[in-house]
Amino acid sequence: AAVGKRVLDTGWLAARSTEVSLTGEKLTTTDPPAADPDPTAPWMHAAVPGTVLGTLLKNKLIPDPFYGLNNESIIDIAKSGREHYTFWFFTTFHCAPAGHQHVSLNFRGINYSAEVYLNGHKEVLPKGMFRRHTLDITDVLHPDGKNLLAVLVHPPDHPGAIPPQGGQGGDHEIGKDVATQYVEGWDWICPIRDRNTGIWDEVSISVTGPVKITDPYLVSTFYDDFKRSYLHCTLQLENTSSWLSDCTLKIQVSAEIEGNICLV
Amino acid sequence: EHLQSYEISVPPDSVLEYTIPPLFFYKPNLWWPNGMGTQSLYNVEISVDVNGFGESDSWSHYFGFRKIESTIDDSTGGRIFKVNGEPVFIRGGNWILSDGLLRLTRKRYMTDIKFHADMNFNMLRCWGGGLAERPDFYHFCDLYGLMVWQEFWITGDVDGRGIPISNPNGPLDHDLFLLCARDTVKLLRNHASLALWVGGNEQVPPIDINKALKNDLKLHPMFESNHTTNGSGKYLS
């Protein structure tokens, strides 16, 4: 498999958790949903990254909440209960790493917590809307390269309720969680019925060799009235193999001058 | 001269923090906010090869050489921003988020942010009740020269005000708040447009959270006085 990151933003399906009786293990081993679900099935084509409402709107199962009084016809999570907006998201991907390669599954934003199932193996993604999650999936990938991924996404713990008079942030319960607060409604926006539950940011898989680069930090300092500058860089190198790795680290800084002339 | 390589050994099953010796640049093209100059960006590419296996990982980022400072002006109580030593008149816009269903595509961000640049803004304030904005948002702010004031997830209405007062001590899990804040800083800190982290909107975060944020976000001592002087206050050239 080529070293690098691949974004998983196509071929996703979704279904309301209360309409799926299978477990995550079953969904990602013996009973995956059909790739092209029929309209009667609970499964539908999903918008990932996105929210539950985004997927329901994509499938025309709700009116667009931002037109007229449509939002009033979408049941609020306070009335429906959290399980109504607890959704399964499912996809497949192909990845066949070489012997020394490692593969990570990365979620850049989940609102608000989730359980991940990959080929029958379960991992829990802890709470928090503004945190990344990275799972080493090297050992659970299928030898034939075809992998089944299911994610059960739960709404914020405290979705709150919208008082009849509305107001800034509804009953303020959402403030108990580490999540965006506008979703209970504000003077400039109606309440968001699912409180933005979903895989709301990028999903990707990264293929690396034994050593991977994590969170480089770049800082520039200046001297002599900005004539002299230094670029500082601190990074983490993670050796996921069980042997000492002798590495060559390279840094290259290039600037596009004009058009397609590059100064290296 | 802007291509360096280093030999490093990383022990098995471990994480090594490594600081690359500073790279020298003479008169780099500086990054300026919208209306003050060009938004020069350099493509920084880092790769690691493992002997015997070839390329193991790579990372890249469009980086802007710039120095953004801000202080509270004693006479007005207002915050003064300077970029590359030059004071900036802030023409700021309020930013909450681009779409209530979080359909946040690159194309959408590019359109929204270029629109603000065309309206002659040079700063966007990301309100605490919205999102910690995404790398794509910051990429286009880098490109179009919109500095970003990014608030964490505390708002005056929801945290510690109102009748009765709601959430007087902010979110229930302070460790979770700080874990999310630290991870968000790591996600966004390399963007030239990031100008200011702010505890919250119209409200100071709970004391322990605010103290931790201030500590985590203080300037690294090494960069405190990033000028060397020879005693007479003159800068060594």
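Below, all heavy atoms of this structure are taken into account, side chains as well, without hydrogens, waters or symmetry copies. Residue numbers start from 1 in every chain, and the chains themselves are labelled A, B, ... in the order their sequence lines are given, proteins ahead of strands. It should be emphasised that the depicted structure is a prediction, and the values quoted were computed from it without experimental measurement.
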Completion exercise
Assert top hit (heavy-atom pairs under 4.5 Å, partner chain A, pool Thr155(B), Thr184(B), Leu30(B)) equals Thr155(B)

Practice task
Kindly compute the distance separating CG (Leu41(B)) from CG (Asn29(B)), expressed to the nearest 0.5 Å.
Solution key: 10.0 Å

Exercise for the section: Measure distances from Pro65(A) to the heavy atoms of chain B and classify the residue's part below 4.5 Å as side chain, backbone, both or neither. Expected result: side chain

Completion exercise
Greatest number of non-hydrogen atom pairs under 4.5 angstrom with chain B, of Thr214(A), Thr234(A), Ile189(A), falls to Thr234(A)

Exercise for the section: Give the member of Ser5(B), Ser47(B), Gly64(B) that has the highest number of heavy-atom pairs under 4.5 Å with chain A. Expected result: Ser47(B)

Exercise for the section: Sort Asp159(B) into side chain, backbone, both or neither according to what part of it lies under 4.5 angstrom from a heavy atom of chain A. Expected result: side chain

Handout entry: Flag for Ser206(A)-Asn106(A): side-chain donor and acceptor within less than 3.5 Å
Key = yes

Problem - Side chain / backbone / both / neither for Lys127(A) at chain B, heavy atoms under 4.5 Å - result: both

Practice task
Find the distance between CG (Leu249(A)) and OH (Tyr6(B)) and round it off to the nearest 0.5 Å.
Solution key: 8.0 Å

Handout entry: Side chain / backbone / both / neither for Val211(A) at chain B, heavy atoms under 4.5 Å
Key = both

Fill in the blank from the handout: If one checks every heavy atom of Leu179(B) against chain A at 4.5 Å, the contacting part turns out to be side chain

Exercise for the section: Name the member of Met129(A), Arg131(A), Glu238(A) that forms the most heavy-atom pairs with chain B at distances under 4.5 Å. Expected result: Arg131(A)

Practice task
Using only heavy-atom distances, determine whether the side chains of Tyr138(B) and Asn190(B) contain a donor-acceptor pair under 3.5 Å.
Solution key: no

Practice task
Can you tell which part of Thr240(A) gets under 4.5 Å to a heavy atom of chain B, answering side chain, backbone, both or neither?
Solution key: backbone

Practice task
Anything under 30° is parallel, anything over 60° is perpendicular, the rest tilted; go ahead and classify Phe222(A) against Phe226(A).
Solution key: tilted

Practice task
Would you mind checking which part of Ser58(B) comes under 4.5 Å of any heavy atom in chain A, side chain (CB onward), backbone (N, CA, C, O), both or neither?
Solution key: backbone

Exercise for the section: Tell me yes or no: between the side chains of Ser241(A) and Asn239(A), is some donor less than 3.5 Å from an acceptor? Expected result: yes

Handout entry: Arg125(B) side chain to Asn94(B) side chain, donor-acceptor N/O pair below 3.5 angstrom
Key = yes

Problem - Residue part contacting chain A, namely of Phe152(B), when any heavy atom lies under 4.5 Å - result: neither

Practice task
Output the option from Gln168(A), Glu202(A), Glu184(A) having the highest count of non-hydrogen pairs under 4.5 Å with chain B.
Solution key: Gln168(A)

Handout entry: Short side-chain donor-acceptor distance under 3.5 Å, His158(A) and Asp177(A)
Key = yes

Problem - Trp186(A)/Trp127(B) aromatic ring centres below 6.0 Å - result: yes

Problem - Stepwise side chain to side chain contact (heavy atoms under 4.5 Å, CB included) check, Arg193(A) with Ile77(A) - result: CA-CA 6 Å; Arg193(A) 299 305 187 194; Ile77(A) 191 169; over 6 Å; no

Handout entry: Option that, when pairs with chain A are counted at under 4.5 Å, heavy atom only, ranks first among Leu104(B), Ile96(B), Asp173(B)
Key = Ile96(B)

Handout entry: Which of Ser166(B), Ser40(B), Gly100(B), Gly162(B) touches chain A most, by non-hydrogen pairs under 4.5 Å
Key = Gly100(B)

Practice task
If the plane angle is over 60° it's perpendicular, under 30° parallel, otherwise tilted; pick one for His100(A) and Phe53(B).
Solution key: parallel

Problem - Toward chain A, the part of Leu97(B) with a non-hydrogen atom under 4.5 Å - result: side chain

Fill in the blank from the handout: Applying a strict 4.5 Å limit to non-hydrogen atoms, the region of Arg182(B) in contact with chain A is neither

Problem - Side chain, backbone, both or neither of Val219(A) within contact of chain B (heavy atoms, under 4.5 Å) - result: both

Practice task
Please determine, among Thr248(A), Asn111(A), Ile192(A), the option with the most heavy-atom pairs under 4.5 Å with chain B.
Solution key: Thr248(A)

Exercise for the section: Answer yes or no for Arg189(B) and Tyr217(A): cation-pi contact, defined as NZ/CZ to six-membered ring centre under 6.0 Å and angle to ring axis within 45°. Expected result: yes

Practice task
Using non-hydrogen atoms and a 4.5 Å limit, figure out which bit of Leu218(A) sits close to chain B: side chain, backbone, both or neither.
Solution key: both

Completion exercise
Checked Ser242(A), Ala179(A), Gly175(A) vs chain B; the most non-hydrogen pairs under 4.5 Å come from Gly175(A)

Practice task
Pick one of side chain, backbone, both or neither for Asn167(B), based on which atoms fall under 4.5 Å of a heavy atom in chain A.
Solution key: side chain

Fill in the blank from the handout: When the 4.5 angstrom heavy-atom criterion is applied to Phe63(B) and chain A, the contacting part is side chain

Practice task
In sequence, state the C-alpha distance, the side-chain angles, and the governing distance for Lys27(B) and Phe25(B), and then conclude on side chain to side chain contact (heavy atoms under 4.5 Å, CB included).
Solution key: CA-CA 6 Å; Lys27(B) 283 192 178 178; Phe25(B) 285 77; over 6 Å; no

Exercise for the section: Would you mind telling me which of Gly52(B), Gly85(B), Pro11(B) has the largest number of heavy-atom pairs within less than 4.5 Å of chain A? Expected result: Pro11(B)

Completion exercise
Minimal heavy-atom distance between Asp171(A) and Ala161(A), with the atoms involved, is OD2-N, 2.8 Å

Exercise for the section: Report yes or no: do Trp95(B) and Glu133(B) form a side-chain donor-acceptor pair below 3.5 Å? Expected result: yes

Practice task
Would you mind telling me which of Thr208(A), Asp246(A), Thr51(A) has the largest number of heavy-atom pairs within less than 4.5 Å of chain B?
Solution key: Asp246(A)

